Every structure is written in C-alpha cells, then in structure tokens.
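In what follows, a structure is listed as structure tokens, so that the remarks can point back to it.
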Amino acid sequence: MSLNLQHDMSNRESDSYNPSTVEERWQREWEKRGTNSLTLEQLQSAKNPYYQLMMFPYPSAEGLHVGNIYAFTGADVHGRFMRMQGLTVFEPMGFDAFGIHSENFALKIGTHPMDLIPANVKNFTRQLRRIGGMFDWKHSLNTTDPSYYKWTQWIFLKLFEAGLAEQKKAPVNWCPSCMTVLANEQVIAGACERCRTPVEQREIKQWFFKITDYAQRLLDNLAHIDWSETTLKAQSNWIGRSEGARLKFSVVHPDGHGTGHSIEVYTTRPDTVFGATYMVLSPEHPLVDTVTSNEHRQTIAKYRAEAKQSDLVTRQKIDQLKTGAFTGGFCQNPATGENIPIWIADYVLMDYGTGAIMAVPGHDQRDFEFATAFDLPVERVVAGPDEDADTPLLEAYVGPGSLVNSGHFDGTAVPESVRVLTEWAEENGWGEATVNFRLHDWCISRQRYWGPPIPIIHCDACGSVPVPEEHLPVILPRVEDFKPDDSGVAPLARAEEWYRTPCPECGAEAQRETDVSDTFLDSGWYFLRYPSTDFEDSPFDPEITRRWLPVDTYIGGNEHAVLHLMYSRFLTMVLKDLGHLDFEEPYRVFRAHGLIIADGAKMSKSRGNVIIPDPIIEEFGADAFRIYLMFLGPFEEGGDYRTEGIQGPFGFLHRLWDTVLNASEGPPDPSVERKVHQTVKQVTKQIPQLGYNTSIAAMMECLNTIRSGGRRATRTEVEPIIAIIAPFAPHIAEELWDHLGHEESIFEGSNWPSYDESKIVEDTVNVAVQVNGKLRGTITVSRSTAEEDVIIAARAEENVARYLDEAEERRVVHVPGRLVNFVVG
RNA sequence: GCCGGGGUGGUGAAAUUGGUAAACACAGGGGACUUAAAAUCCCCCGGGCUAACGCCCUUCUGGGUUCAAAUCCCAGCCUCGGCACCA
C-alpha cells in the first residue's frame, strides 16, 4: 500500500526533506520580509506588547556553545508561541562584550580587544541567525559601543548625583593573577572565580554603589515577583537578613576604670550576654591599636600582618584551628559588670556586623572552639530540657531552653529571652535591636582596561567632579599596552594625554578617573535599552518604556541568580526613585533553565566534553537540533546530551515532511481528529509552563497516530500539527505552511490552532479492574455507562472473576473512567 | 554545617498531581526492502517463573497512612547545585 502511495506522489519524490535548503530559504525570507523585527511605529503603538528576554551572551572567540543555544531556544520557543497567540513579541539579542573575559583572552592571543570583539560578534551573529531565533536584529546592542556605554556612564552619574556612588578606601579582594580587584561575589572559597588563584587583601580606593540601602526593599519585593523558586531563594540568602542587637561594651583599664572608649558588637543572641566571657575584634578593626597594651603590641602587630597576608584564602576555611592573639585590653560585660579580655582573631570578619563580637563560648560553636584553644572560660547561660545551670558543656549548646546564670532573667524561655534582654539593654542605654544584612555594597570599579571609563574627573580643588552629561560618552581610548600590572593602578593611567583634562568646574588642570566600571553595570540595564535603540538622545524613550517594560518573561541561567539579577533589580529601583522609570522590578516573570551536561558532567574545556554545535546543525539542521535540545528533559532541569539522540527528532521531522507532502484533501478521520485536538490542547497548556519535552513527545505520538498502519493523512489533520511545531522548528513549519498554500509567514497573524473540547472526549474508556489493589484485568466501556453497569462488567471480567469467587466482597471503589477496585477479605 | 533540586529500565525520561509504572525517544536485538550499503518500514526490548492463560517481584533503603503510594508522612543513605568561621 505504501508503495502505491509513493507511486501516486511520484511527482514529489525529489522533494525529500533537506534541512539546510529549507532553513536557508526561510532565514533569507525572514530577513527580506522583516518578519522578526519591529518597526519604530510598532514599538510605539503595539496593542499587545510582549517582551521576551534572554540573557545576552559574552561573545567569546570559541563561538556559541550548546548551553547558549539551549537557553536561547527555550526562550525563543516561548516567544514564538506568544507571538502565535496574537501578541506583538519583542525578542532582542545583543552582546555583553566588555569585561575581563575578553580582556584576558585578548592578552593571551596578543590581539587588541577592539579588534577581537567585532570579529567575535560577527561570528556570533552568524551562528545566532543559523539557529533560527526570532531575534530582532534591528534592535540589537553591544555594551562596548560608545552609543551604549554613553548611557552606562549616564547611569553612574545619576547614582553619583543621588549620593548612591561613593569612593572610599576599602580592604578589597585582590587577585594577584588577574591583577584586579574582585567583588566579594567573585571570590569563591577564598579564590578568584575566574582563575582560582588565592585572593589577597589590599587597601585601594574604590567606587561603590550603595546597594545595601536597598537591601530591605530588594528582599521584600521577592514576595511579589513571579520567579523560579530557586532563584528567589538564592537572592534571599544572598541578602542574608538577620535580626539581632548591637551591644555596647565599655573598654576599661585592668583595674576597672573606664577609658572613655567603647566597642559595639553585633549579635543575634543578645540573650546570651551573661555568658560573654571575652570579646573578639577582627584584626582590621579600627580600635585594635587603642585597646592593645604596650606589652602585647608586638604580638598583635605580628598577628595582624599574618591575617592580612593570608586573608580571605585561609580565613574562609571553616575546618581549620582557631587562631588569635590577646590584646592585653579589657572591656566590661554590661550584663555581669565583669571585666573580660579583648582578643583579635581572624574568624571575626570586618565586613559583617560591626567587625567585633561578644564571645559566648557556651552557646556558639566557633567561640567554643576558640575558648578551648586559648583556655578561656566557658559559661552556661542556657539550659536545655534535662539540663540545669551546672550541666557541663562539652560543646556549644544552641538548642532550645531557658536562661540560667543570668541574674533575674533566669527561667526565661529562649525565643522570648532575645526580646526581653534586648529591651533591658535598650533601657539601660547599652544596646539596641538591629537588623543586619549579609549583602555588601557593590564595588563597581576595576583597575582594568576593557570597560567604560568611570565618568569622574579628579580636581585638586573641587574633588571628584562628575563629567557633565553633555560630554558623554567618555570614550575609552585605544591603548596598545593594556596589560594590568601589580601596581593596582589601572592601565588607563598610562594614557596621559587622555586622562589630563581641565576640571569641568574650575577649569584647573585635573585628571580623569582611570578605573573602568564592572561588567555587571553594563548588563544591569541592557533590557531597558533594547526597545529604545532607535533613540540617540536618551537611554530609554519614556513612551516606549511605558509600553514594553517591565520585561514580560526573562529566561536565563541560574548562575546569574544573585549577581546580575540583583544588580539589575537594584538599578531599576534606583531609576524609579529618581523618576526615570515608573516600575521598580525589571522582570515580571523569571525562569531559570537547567544545565546541559555531557557524560554526567558539566561541559567544560578542562573536561574535554564540550560539544561544538556547528557541525551538528550542518548535518541535521537547526530545527532538529532545537527539538532535540528541548526534548532532552524538563527545560527547567536541563538534561544529559548524547550525540546519537538527535536521530529521534531528525526522523520525526522527516516523517512530518513526508506526511504533509503526501496529505490528501478530505475530512479527517474522527479518531485521528480526536488525537489532534488532544495534542493541541496539551501543547497549548504546556508551552507556557515550559513543558517542552512532553509537548514534543505529544506531537510525536500524534504523528504516529496520524501515520499508523501506513495511512495517508488529510490536510486538516496535519495543518494544526505544523502550527504547534512551529515554535520548536520554525523553518520546516514555514516551508510546510507555505506548501499548504498560505501566503504569509506562519508567525504573522494568530495562527495558533484552537481545540474543541467536545472533540477531545473519547466515547469509550479503558477501566482498570483491581482486586485488593492489584490489577487483574481491564474492561472497555462506553463513557456514559452507569456506575453499577461498570461494576457488573468489571466483575464479569474473566480473570477478575477468578479472584472474586474465592472471597467475600467487602467494598467496591469506583473511580469513573479510571478503575474499579474490589476489596475482598 | 545550612538552604534548595533530585534518586524510576542499558540510557534520556513520562506518569492526568493518590488511581493500569515505564508514554515519547536513544541504544540494543530480530526481520522486510536492496547486488550491497545508507535511508525507510515492521516486530521485540525492567527482572524472575511458565509450553501457554497467567503469576510473583520492581520507582534509593526501612517503616507508616490508604481500598489504592513513584506521588503523602517519619527515619536513613546517595547525588547535584547554591551559601558557608555571617556572630
């Protein structure tokens, strides 16, 4: 029979599916017709605007990798689906091309980044077109383009004017290999995120954005935004809000007389203050010199020097022995009135809380370890159940209980005790309730070359003067020797003719800031720029921004859960407060996609399991590759890439092609039609939930049904399938759509098929029959069969009957359309 | 250590959210077509017992709830992410 069909279609025999021909044709057509680009007029007046965003790539020399394509395809499927629903979808793509990545690579191969980046961008653009994304290339952007970073600098100025940018000398993480300052976020377990070199501590003047001013708001808003749960959790952990108290301890002479100095500590357990038997300052604490006695000065100086050298590397290792040194100074425990010694130790960090702690070795494990190491007294002030004031402590007790050895607070239960003791401290003027955040201010300056210059001019008379807006952009000059050195001074300091400039305020000779800004500042606002790239005189056009933002759906990797996503939320909030935006959360919906792994491990050059996409696309086509990637597993969980796996989707597209080309006119077969409607329904429901793998499986199943027994399909059966596959395989969908006689692109107009609920219901159902919960047979009954008749039929089933004969029926459970369960005993 | 995600065939994974476990694919085996290969098509494919109808076992392990558990509860093991001396 299939032979006969082949014969019928002999005029079509040469038209077997050839992905590259089809894909080239449609990529050309889209370009020619402007299918994927919005006009300025559309941007200004679209009735149903939908902003589909994905994370723009850093254009590496290696080109797009499978992970990029996976992420972009997942977002593109969603965007194309929304478009077919009749929305005007804006799906831009750009390049995050500044930063240390490009700079390091340029240094390595000895090419200037200004030459390297355009070549990489060109290659990326070619590859991005090849995968068939619905990208609006008329509204692309590149962060290294002066017309873009002009506005990055403008944002810096806005924060500067608002008092949210400040320069201060700060102990910073210094990577001796990259020769640059790293943000705390770029330090992983004491080592540089990029090169794994242990980080040192240095004091350098740095520009900071005061993101901590927004900590509470950044945290509170997490309750209202529709983001992936894991991302929300990561953000909230990163902000790290904790409630506690600041307690003031007076510094005293050994004889108990006050020195006039006092030290504040931060604690989440003010209720254990009676058990504070010593105090520990961070080695960098400003009062260390003040409290140190002459005979201890040398030891302290030595310890501080050691701490500085090893700093974040060893300091962040938990499982090491506690070290420290006694200052010779004392302070008074405000609760007990007793003098307690002041130590310094590197387990106390200067940049958390106040950089000083009251040590309660009885109820804090770190303090306990320190006290044990240096033979300091351990006092019990909390007794758990079955314990009393004298139960010895073999380790810190942190569980529930009530206070002991705490004067008239004895007996207060622990959660209550925190409040009571804080109030007591407040009444007596030595403490107050405080909220503390783990989040640090954002250090945005880099002593590197490949970034936008920070638009500040340093004048001896006027101080730090912002570059006037009309002088923006401050163009990054071409400096041939841009290699960073150990001095901690940025390469731009070598461009004397560039940095020498008159002060905008007094006209005196002054110098430009030679630090450049962090890449995360570039990517912190790019989504605002995309819809307004037609405008040169403002970063984002107010009218267009009102129409298109916030972003409707943002899909990206969870590796940016804290940094990029936090910074862009912060900048959006600031711009709102300054009156430039009327919303404060940039992304309505954010979904984190999973990771593509190969051979059970993350793809990486060092593992040698990186898959290069180009040859696969060449052989099987972008459509098959897209489907395969989306078919691997749940999009939000990622999947394991196997080279052979693409055969499935590839064969599927071949069969789809043949089926459509051989389709006849005529009415659909009722049972096939039912399957088609079921499939349309399922895919319609699952795409918005990113249930791509199951959508594809449903379409495969549907095509199997259409073709079952070698039957020839009708046009009405296949047409909806072409439409619902279109978001996944846009090229073949266009070609087949065209073949069926449609003039316009399948993506123009609302071509998503509707389904008819009444055509979905089956007239007969299979009902499982169980005896005591074990499957003993199945029966097929008409959907409308009355319950009692279903049970009669079930009881009559041959195999079931064997089990029912033997025992007494106690109960019958009937789940309509699903099963009958006889409970016998 | 803390916070998340997850453990289902040889493999990637499904499972209407408590109702026939393994859909859809990959790999493997067998067959058809072909001079041959590729492509395509058809059949088999969790384990055990059986000539067969069937039966027993099976969703990391052990308990529990229920007529019914991959799904809910308790305990434990493993794994992958994130944070981590954060007071």
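Protein chains get the first letters and strands the later ones, always in sequence-line order, with residue 1 at the start of each. Everything numeric here is computed off the predicted structure, so don't read it as measured data.
With hydrogens and angles ignored, the 3.5 Å screen pairs no side-chain donor or acceptor of A:Asp271 with any backbone N or O of A:Leu421.
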TODO: If a protein heavy atom is under 4.0 Å from the base, mark B; if only from the sugar-phosphate, S; if neither, -; do that for nucleotides 9-14 of chain B going 5' to 3'.
DONE: --SBSS

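Between A:Arg802 and B:rC53 there is no side-chain N or O to OP1 or OP2 distance below 4.0 Å. Residue A:Tyr628 has no polar side-chain atom (N or O) positioned under 4.0 Å from OP1 or OP2 of B:rA25. OP1 or OP2 of B:rA87 has not a single side-chain nitrogen or oxygen of A:Tyr266 nearer than 4.0 Å. For B:rC56, the OP1/OP2 oxygens have a side-chain nitrogen or oxygen of A:Arg776 closer than 4.0 Å. Under 4.0 angstrom from either OP1 or OP2 of B:rC57 there lies at least one side-chain N or O belonging to A:Lys774.
Here the nucleotide nearest the side chain of A:Thr778, chosen from B:rG4, B:rU20, B:rA87, is B:rU20. Picking from B:rA25, B:rC85, B:rG4 the nucleotide with the shortest atom distance to the side chain of A:Asn704 gives B:rA25. The nucleotide whose nearest atom lies closest to any side-chain atom of A:Thr230 is, among B:rC67, B:rG4, B:rC26, B:rG4. When the nucleotides B:rG4, B:rA87, B:rC41 are ranked by their closest atom to the side chain of A:Thr267, B:rA87 comes out on top. Closest approach to the A:Arg438 side chain among B:rA84, B:rA25, B:rA27 is made by B:rA84 (side chain taken as heavy atoms from C-beta onward). You'll find that the side chain of A:Ser242 is closest to B:rA87, out of B:rA68, B:rA87, B:rU20. Checking B:rC85, B:rG19, B:rA27 against every side-chain atom of A:Leu349, the shortest atom distance belongs to B:rC85. The side chain of A:Thr268 lies closest to B:rA87 when the candidates are B:rA87, B:rG4, B:rC41. Set against B:rC67, B:rA23, B:rC3, the side chain of A:Glu701 has B:rA23 as its closest nucleotide.
In B:rU17 the base sits syn relative to the sugar, since the glycosidic angle is no further than 90° from 0. Applying the 90° cutoff around 0 to the glycosidic angle, B:rG12 is assigned anti.
The base of B:rU20 has none of its N or O atoms less than 3.5 Å from a complementary donor or acceptor on the side chain of A:Arg818.
A:Glu618 CD: 12 or fewer foreign heavy atoms inside a 6.0 Å radius. Within 6.0 Å of CD on A:Glu644 lie more than 12 heavy atoms contributed by other residues, nucleotides or ligands.
No close placement of the A:Tyr803 and A:Phe822 rings is indicated, their centers lying 6.0 Å or farther apart. Taking the six-membered ring where the residue is Trp, the centroids of A:Phe650 and A:Tyr628 are separated by 6.0 Å or more.
Using a 4.0 Å cut-off between charged nitrogen and carboxylate oxygen, A:Arg776 and A:Glu797 do not count as a salt-bridge pair. Using a 4.0 Å cut-off between a side-chain N of Lys or Arg and a carboxylate O of Asp or Glu, A:Glu808 and A:Arg810 do not qualify as a salt bridge.
Between the CG atom of A:Leu775 and the C1' atom of B:rU58 there is a distance of 15 Å, given to the nearest Å. Atom NE2 of A:His814 and atom C1' of B:rU20 are 14 Å apart (whole Å). Note: CD (A:Gln689) to P (B:rU17) measures 12 Å, nearest angstrom.
Comparing A:Tyr352 and A:Leu819, the nucleotide of RNA chain B nearest to each residue sits closer to the 5' end for A:Leu819. Comparing A:Asn799 and A:Asp364 by the nucleotide of RNA chain B that holds the closest heavy atom to each, the one mapping nearer the 5' end is A:Asn799.
Shown here, B:rA25 forms a base pair with B:rU11; the pair counts as Watson-Crick or G-U wobble because both key distances fall under 3.5 Å. Base pairing analysis places B:rG1 opposite B:rC83; the two distances defining the Watson-Crick or G-U wobble pair are each below 3.5 Å. Both distances falling under 3.5 Å, in either a Watson-Crick or a G-U wobble arrangement, occur for no nucleotide opposite B:rA39.
Using P as the reference atom, B:rC74 and B:rA25 are 39 Å apart when rounded to the nearest Å. Taking atom C1' on both nucleotides, B:rC26 is separated from B:rC78 by 26 Å, rounded to a whole Å. Comparing the P positions of B:rU59 and B:rG7 gives a spacing of 14 Å, expressed to the nearest Å.
For the atom pair CZ (A:Arg269) and CD1 (A:Ile357), the distance works out to 14.0 Å, reported to the nearest 0.5 Å. In this structure, CZ in A:Phe370 is found 5.5 Å from OH in A:Tyr278, a value given to the nearest 0.5 Å.
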